[in-house]
2 protein chains.
Amino acid sequence: MRTLKYAILGLVNRNPITGYDITKEFNKELANFWYAKHSQIYPELKKLVDEGLINFEVIIAGESLEKKLYTITEKGKESLKKWLLQVEDLDPTPKDKFKLRMYFSEILNKEEIILQFEDQLIKRNKKLQFLNDVMNEYDRTIPDVISPEFGDYMVLEGAILREQSYIEWINRCLNRLK
Amino acid sequence: MRTLKYAILGLVNRNPITGYDITKEFNKELANFWYAKHSQIYPELKKLVDEGLINFEVIIAGESLEKKLYTITEKGKESLKKWLLQVEDLDPTPKDKFKLRMYFSEILNKEEIILQFEDQLIKRNKKLQFLNDVMNEYDRTIPDVISPEFGDYMVLEGAILREQSYIEWINRCLNRLK
DNA sequence: TTCGGCATGTAACTCGTTACATGATTTT
DNA sequence: AAAATCATGTAACGAGTTACATGCCGAA
């Protein structure tokens, strides 16, 4: 399936970028729906070069620190566009360890179950708060459709809706338990 | 982390069960938040036996068909309970290929993007319809708290809320695009 | 001069999927 | 008699994590 391939290709397509900076991108907005460690990114970049989808240029920063600045090729752009246009079946439902634990919770007593939900509620609220803080930096100006910022905005909103719905689920469970 | 280990342990804890039937469970309610193929389940069962967490008894069905019926041990029950009670950090945000594609969609034109969202909307609605159908089989009788059925009901409701929230997100995106 | 961040890589391992492989039983 | 389903396994591969490994640069 090679999804990481296209995640990287998408980033390199926006602007020439180094492996290090790709890793950083995977820890910002992007982290709300895709991510990877540098140990996965560097080998994948090498593979993409071999496939002729990207090129790199070695940049010397300061005295001797080598950076590799990757740029997308025409072949890479075509490959990315083809992937963006493809119509696929739905991904399988994402796995959820907390739900798995609650699914088997009948062997716990009520108080123990409630404690689990309450702990999860705190953590989810914290995450939602964080996402809202990021969202507020957009300062009520919804970016133009078809701009890189619109992508950021869109998926951030998706992440907020997802957390809200998870919190709603927890609250419903707690109401039944109390 | 060995999550599959506990998913299996949780099922075996409910009732003695064969590997084949565990595989089937992973394609019902459970599939809304955990699943595995038989090729992963059989080796894991062997491992759990080695660890003394489950036992099995060979059953001959019909003339000569061998089944292995697995039962949880005391050690297994303790291990499961410990796992159920543990307080963990939030899982990383689940990966989402569709959101990844839309994140990079600025290189497509508006009509192409809208087509992508509309296709996704149809598929998500279909899935929601399916989940609602399953839910209606509960026939308005919410199962008792602390029963195996309550677990089923709870996670099914979670799955429905999740799909609804995804659909809400798609609609918001479409409204902005139109 | 030391510490945190910049920058790139590899090795070993776990987790999960697809495909291969076999045979028994039930249903059409 | 054939097809679907029951039932259990292994092999090869791909994806992802943790740990190992190295060296540069700027700020305190």
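Within every chain, numbering begins at 1; the chains are lettered A, B, ... in the order of the sequence lines, protein sequences first and strands thereafter.
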Hey, is the side chain of [X] poking within less than 4.0 Å of OP1 or OP2 on [N], counting only N and O atoms?
X	N	result
K68(B)	dG9(D)	yes
K46(A)	dG9(C)	no
Y42(A)	dT8(C)	yes
K37(B)	dG16(C)	no
K95(B)	dG16(D)	yes

From CG of L4(A) across to P of dG16(C) the rounded distance in Å is 18 Å
Y20(B) atom OH is separated from dT25(C) atom C1', nearest whole Å, by 11 Å
field: Ring-face cation of K68(A) near F56(A) (centre distance under 6.0 Å, axis angle within 45°)
entry: yes
Side chain of [X] (C-beta onward), nearest among [options]:
X	options	answer
S39(B)	dT10(D), dG9(C), dC6(C)	dT10(D)
W34(B)	dG16(C), dA24(C), dT17(C)	dG16(C)
L65(B)	dC24(D), dA15(D), dA7(D)	dA7(D)

query: Short question: side chain of W169(B), backbone of M154(A) - any donor-acceptor pair under 3.5 Å?
result: yes
Check if the side chain of T18(B) and the base of dT8(D) share a donor-acceptor pair of N or O atoms closer than 3.5 Å.
no
For this session: Say whether D133(A) and Q129(A), considering side chains only, have a donor N or O and an acceptor N or O under 3.5 Å apart.
Result: yes
Taking only Lys NZ, Arg NE, NH1 and NH2, and the carboxylate oxygens of Asp or Glu, determine whether D50(A) and K47(A) approach each other closer than 4.0 Å. no
